[in-house]
Amino acid sequence: MFYRDKLSFEDEEFKLKVGFLHFSSCSGCQVAFFDMFEEAVEILDTVELVYSNMLTKRRDLPRMDVAFVEGALCIEDPHHLHLVKELQKKAKLIVAVGGCASFGGVRRLSCGNQLPQPQHQSFVPITEVDLVKPKVKYAIPGCPPNPSLLYSFLLALLEINEDFLLPFELMTFSTRASGMDIFVEVVNKGFCVGCGTCSTACPTRAITYNYECSRPAFNPGLCVYCGSCLAACPQSFKPYPQPTYT
Amino acid sequence: MKKIIKLEGIPLTEGHSGLFLEVEEGIIKRGFYYALVPVRGFETLLLGKDSRVAPTITTRICGLCQVTHAIASARAIESAAGIEVPPEAEKLREVLGLAVRIYNNLLHQIIVSEDLFPEKREQLAFIREVQGVRKFAGTVLETVGGEIIHSPNVKVGGISEPLEEPVKEKLLLEIDRVLEKLKNSFSVFRESLEALWKREGLSEDFGSHSLGYFATDLYYGKPVSFDKFTFLLPQELLEGELKRRVTNLFPLFDGKPVETGPRARAVLFKGYTPRGGVKELHLLRGEENIEALLRIREILENGKFDGELWNRKTPSSDGETLGVGVHEAPRGTNVHAVKVDKTGKIVYYKIVVPTELNFFAVGEALRGISATKAEYVVRAYDPCIVCAAH
Amino acid sequence: MVALNSRFLLGKYREAFVVDGKGENPIKAIFTLMLKFGLIDGLLTVSKDGNSPRLIFKAEDVEIPVRNSCFGVNALLKKAVQKYRLSRLAVFGPACTFDGLNKTQYFGIGCNWTKTAVALKISFLCPGVLTDTAFLSEVVDITGKRAGVSRFYFQKGKLHYQLKTGEEITVPPSFHHRYVNSACRYCLNLSGKGTDLTAVYLKERDKVLLIVRSERGLSTLAQVQRSSPSTLYFRKADRKEVESLISFLKEKVILNITDIIERVELGFPVPKWNDNKLRKFYRLWNSIDVNSEEEVF
Ligand code: SF4
Ligand code: SF4
Ligand code: SF4
Ligand code: SF4
C-alpha cells in the first residue's frame with residue numbers, strides 16, 4: 001500500500017494531494033511546516049494542499065493521498081471520534097507528525113478535570129488507534145519536528161526514498177518514547193559512544209551531557225516524550241550507505 | 001423569521017471552533033464564538049510538578065505564540081517565589097515576545113491571504129515576501145530562545161543562554177533590510193485588505209462593538225490583579241449539546257466582557273481613537289509588527305546581554321501567595337497565576353489567554369452584520385483556539 | 001564476502017599523505033589557517049585532553065584532542081548551527097561523531113538545517129576511546145604505575161601512549177579492548193569512513209598520516225596550501241605506512257567482530273529502532289555469497 005499506485009506513476013500531471021489535520025495539539029507541528037519559510041512556498045506549489053484548517057476554506061475532509069496528522073486523540077471528545085473515522089475513510093496514507101501524534105508527547109501528562117469540560121481526561125497518539133493504525137505508515141519525532149526534517153521528509157516522500165523513510169516506518173511500531181529510551185535502548189545495552197547527539201536533539205534540554213562519565217544525563221521532569229533523542233542517536237539507526245555532502 | 005445557525009469549523013483560523021448565531025432576516029441578532037478542541041488540562045497537569053519545568057510545559061499550550069506562555073509562566077513563578085530576575089533577562093524576554101509577535105501576526109496574514117488575493121500567483125508572491133520577514137523573526141527566536149517553536153531557554157529566574165555581542169550584531173545587521181521588506185508587505189496587505197472590503201461590500205465599521213478595552217503594556221506586560229477576573233462557564237451561557245462540547249471559559253474583567261489585543265494596546269497606551277469595526281484590527285496588527293521590530297532594534301542596540309542572565313535560585317514559597325505573570329502576547333494580554341509550595345511544587349495553576357478574553361468581543365462584533373459574513377469577523381480577531389482551550 | 005581488507009577496514013580513499021607541520025600538529029595548523037583565511041567560520045571539536053567539547057571561532061584559540069578521548073562533540077552542534085548560525089563549520093572527532101553528524105544532516109532530526117552548515121569533516125583514526133578513569137586503570141594494568149596519558153599515536157601497526165611522565169608505552173590490543181568505552185567494542189568504523197579526511201597520529205608530534213577520502217577534502221588541502229604554502233609539507237605515504245595501519249585495524253576489528261558475534265549469539269538486546277543491524281552483519285559475516293560492492297558499515 002502506498003500513496004501512488006503503478007498507473008499514476010507514469011502520469012506527468014500527478015500532484016500529490018496532501019491534507020493537514022489536527023487532533024489535540026498545539027498547532028506547532030503545522031506551523032513548523034511554515035517555518036521552512038521560502039521553501040514552504042515552493043512546496044505549496046508542487047503539491048496540492050486539499051485540506052488544512054489554516055490554509056484552505058473547506059469544512060469537510062476531502063479524499064487525500066497523504067494526511068499529515070498532528071496531536072493526540074482525546075477519547076472523550078465526540079468530534080475526535082468522528083474525525084478519526086473520517087480520516088480512516090478519506091486518507092490513503094497517514095503520517096503522524098510530532099511527538100503528540102506519534103508517541104503521545106506532552107499529552108501523556110494530561111489528567112483532565114479542568115473546567116469547563118473536566119471529562120476530557122484521556123489522550124492517545126494515533127499510532128495506538130487500531131482503526132487507522134494500518135494506514136499510519138510513518139511517524140515523525142520531535143516537538144515540533146524541525147523544519148529541515150519536515151523538508152527532507154517531504155522530499156523523500158515525493159521521491160519515494162525508501163532508505164530515508166524506513167526509520168520513520170519503524171517508529172510507528174513503538175507508541176512510546178521518552179528520554180529514558182536513551183538509557184534503556186542505548187546506554188544500558190552498551191551502545192553509547194558518548195557523541196552527545198541526543199542532547200543536541202532534545203527540544204526541551206531534558207537531556208544534557210555528563211562530561212565526567214561521557215554519557216548523556218536525563219532529567220525526566222523536562223521530558224515531553226517527543227522521541228527526538230533516540231531518533232537522533234547514531235546508534236538507533238543509521239543512514240546506509242553513509243552519506244557525504246559536498 | 002428567526003433562525004439559529006450553528007457553524008462548526010471556521011476555515012482559515014487556527015484550531016477547531018464554532019459559531020452559534022441567532023439570525024433574523026439574514027442579520028445576526030446574537031452570536032457566540034467558542035472553542036471545540038478538547039481541554040488538554042494544562043492547569044491540572046502541572047499540579048504537583050516542580051515549578052521549574054512549568055515554562056517548558058506551558059510553552060506547549062500553543063505552537064503559534066509559544067514563547068508567550070513560557071514567559072508568563074516564568075514570571076508567575078518568579079513572582080510567587082520572590083525570585084529576582086536580571087533586568088537584561090527581562091529585556092531579552094521582551095525581545096522574544098516581540099519576535100513572536102511579528103512571527104505570529106505574519107502567519108495570520110498568510111492565513112487570511114486566501115481571502116485577500118483572488119489571484120493565486122499574487123498570493124504566493126505575497127506569502128514569499130512575508131516569509132522572508134518571518135524567517136528573521138524565526139532567527140531571533142532560535143538564536144535567543146534556543147528553538148523557533150517552544151523556546152527552552154526561557155527559565156524561571158531568567159534566560160539560560162547569554163547573547164554574545166557578535167551574535168547580537170549579526171541580528172542587528174539584518175534589521176534594516178527586514179524592516180524594508182516588512183513595510184513593503186504591509187502596504188501590499190493594506191491594499192488588498194481595502195480591495196477585499198470593497199469586493200465583499202463591507203462597511204468601514206463592519207464588526208464594531210461597544211465593549212471596553214483591556215491591556216497592560218505596549219510591548220511586554222505589567223502586573224495585574226488576578227481577582228479582577230471572573231469566568232462564565234459554557235454550561236451557564238449556551239444551550240443544548242454545546243454545554244457539553246464547548247471547551248473554553250468566558251472570562252470577564254472587572255465583571256465586564258472586554259476586548260484585548262492590538263487595538264486595546266493602541267487605545268490604552270498610544271492614545272489611539274478607535275474607529276470601530278474589524279478592519280482596523282488587521283491594520284493595527286500590521287503596525288504593531290513594524291513597531292515591534294523597531295523596539296527589538298532599540299533593545300538590542302542599547303543593551304549588553306553577554307553576562308549571566310539567569311538567577312538559578314530554587315523557587316520556593318508558602319503555597320498561599322498567588323504569583324501572577326503577565327505577558328502581552330500577539331493577541332492580547334496573557335496571564336498565568338500560580339501558587340508554589342515550600343518544596344517548589346506547583347499547588348495551583350490558572351491561565352487566562354487573550355483569545356479566551358476575546359470570545360465575548362467576537363460575539364458582540366457579530367451583532368448586526370449579515371450572517372454570511374460572520375467568518376470575516378472571526379478571522380479578524382486571529383483567534384488561537386488551542387490557547388483558549390489550554 | 002566481508003573480508004578484512006583495506007576496503008572494509010580503511011574504506012574508500014583517494015590519497016594518503018604524510019603531512020609534516022614543521023613543529024606543529026598539522027591538523028591544528030590546517031584549522032588555524034582555515035579560520036585565519038575565512039575558509040571556515042567555526043571549529044567544533046573537544047579540548048586537548050578530550051574531556052569537553054569546544055566551539056572555536058578564532059584562529060588563535062584552536063585546540064584539538066591528542067588523546068584517544070573525545071566525547072560529546074555533538075552536544076554543541078545545536079548551538080553552533082542554531083545560535084551562532086555558522087554555515088561553514090569544520091568538525092574534528094572520531095568516526096562516531098560523524099555518524100551522529102551525518103545522520104543529523106541526512107534526516108534533519110533534532111537540529112535545524114545542519115545539512116548545509118558543515119564545510120569540512122576530519123576524523124582521527126580511532127583505537128577506541130577512554131575517559132580519565134579508564135585511562136588510569138589501563139595504564140596501571142599495563143605498567144603497574146599510576147600515570148596520566150598525554151597523547152596517543154600509531155607506530156609500526158601498534159598503538160602507543162605517551163604518558164604525562166614522558167614515558168612512551170605500547171598498548172597491547174587485548175588489554176586495550178577491555179578498557180575502552182563499551183560501544184567501541186562493537187565499532188566497525190574505526191577509520192572514520194564518511195568523512196572528508198582521516199588523520200592518523202604518528203610518533204612525531206608534528207606529523208600525521210592523512211587519508212583523503214573526498215573531493216572536498218582534496219580541494220580543501222589545496223586551498224590551505226595555496227593560502228600559506230610554507231606551513232605544511234606533503235609527501236605521498238608509501239605502501240608500508242598504509243599497510244601497518246591496516247594491520248592495526250585488523251587486529252582490533254577482529255576483537256570487535258568476536259564481540260559482535262557473541263552478542264548476537266547470546267541474543268543481547270539492540271535498540272528498538274535499530275532494524276537489527278548487528279544481526280544483519282552477523283549474517284553477512286557468515287555467508288559466502290555477498291555482493292562485495294555493497295557498503296555495509
Ligand atoms: S508535538 Fe509538540 S509541537 Fe507538535 S503538536 Fe505536540 S506539543 Fe505541539
Ligand atoms: S528527552 Fe528530550 S528528545 Fe527525548 S523524548 Fe524527552 S523531550 Fe524528546
Ligand atoms: S546520541 Fe550519542 S551520546 Fe547520546 S545515547 Fe546515542 S551514542 Fe550516546
Ligand atoms: S572506536 Fe568507534 S565508537 Fe569508539 S570512539 Fe572510536 S569511532 Fe567512536
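Here is how names work: the chains are called A, B, and so on, in the same order as the sequence lines, proteins then strands, and each is numbered from 1. Quick caveat: nothing in here was measured; it's all calculated off a predicted structure.
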B:E147 to A:P203 - nearest heavy-atom pair and separation: OE2-CA, 3.9 Å
Counting only heavy atoms closer than 4.5 Å, note whether [X] contacts chain A via side chain, backbone, both or neither.
{"X": "B:H108", "answer": "neither"}
{"X": "B:K135", "answer": "both"}
{"X": "B:E129", "answer": "neither"}
{"X": "B:K120", "answer": "neither"}
{"X": "B:L107", "answer": "side chain"}

Using side-chain heavy atoms (C-beta onward) and a distance below 4.5 Å, is B:R245 in contact with A:H79? yes
Ionic contact status for B:E114 with A:K57, cut-off 4.0 Å: no
Evaluation steps, side-chain contact (heavy atoms from CB on, under 4.5 Å), between A:L109 and B:F42: CA-CA 9 Å; A:L109 299 171; B:F42 275 95; over 6 Å; no
Any donor and acceptor pair, going by atom type alone, linking the side chain of B:R60 with main-chain N or O of A:C143 inside 3.5 Å? yes
Ranking A:A40, A:A32, A:P78, A:S25 by heavy-atom pairs under 4.5 Å to chain B gives rank one to A:S25
Applying side-chain contact (heavy atoms from CB on, under 4.5 Å), run through A:M36 and B:Q131 and close with a yes or a no. CA-CA 9 Å; A:M36 291 176 223; B:Q131 284 286 51; over 6 Å; no
Side-chain donor-acceptor pair present, A:Q117, B:T247, cut-off under 3.5 Å: no
Steps toward side-chain contact (heavy atoms from CB on, under 4.5 Å) verdict (B:I148, A:F37): CA-CA 12 Å; B:I148 305 181; A:F37 303 115; 4.2 Å; yes
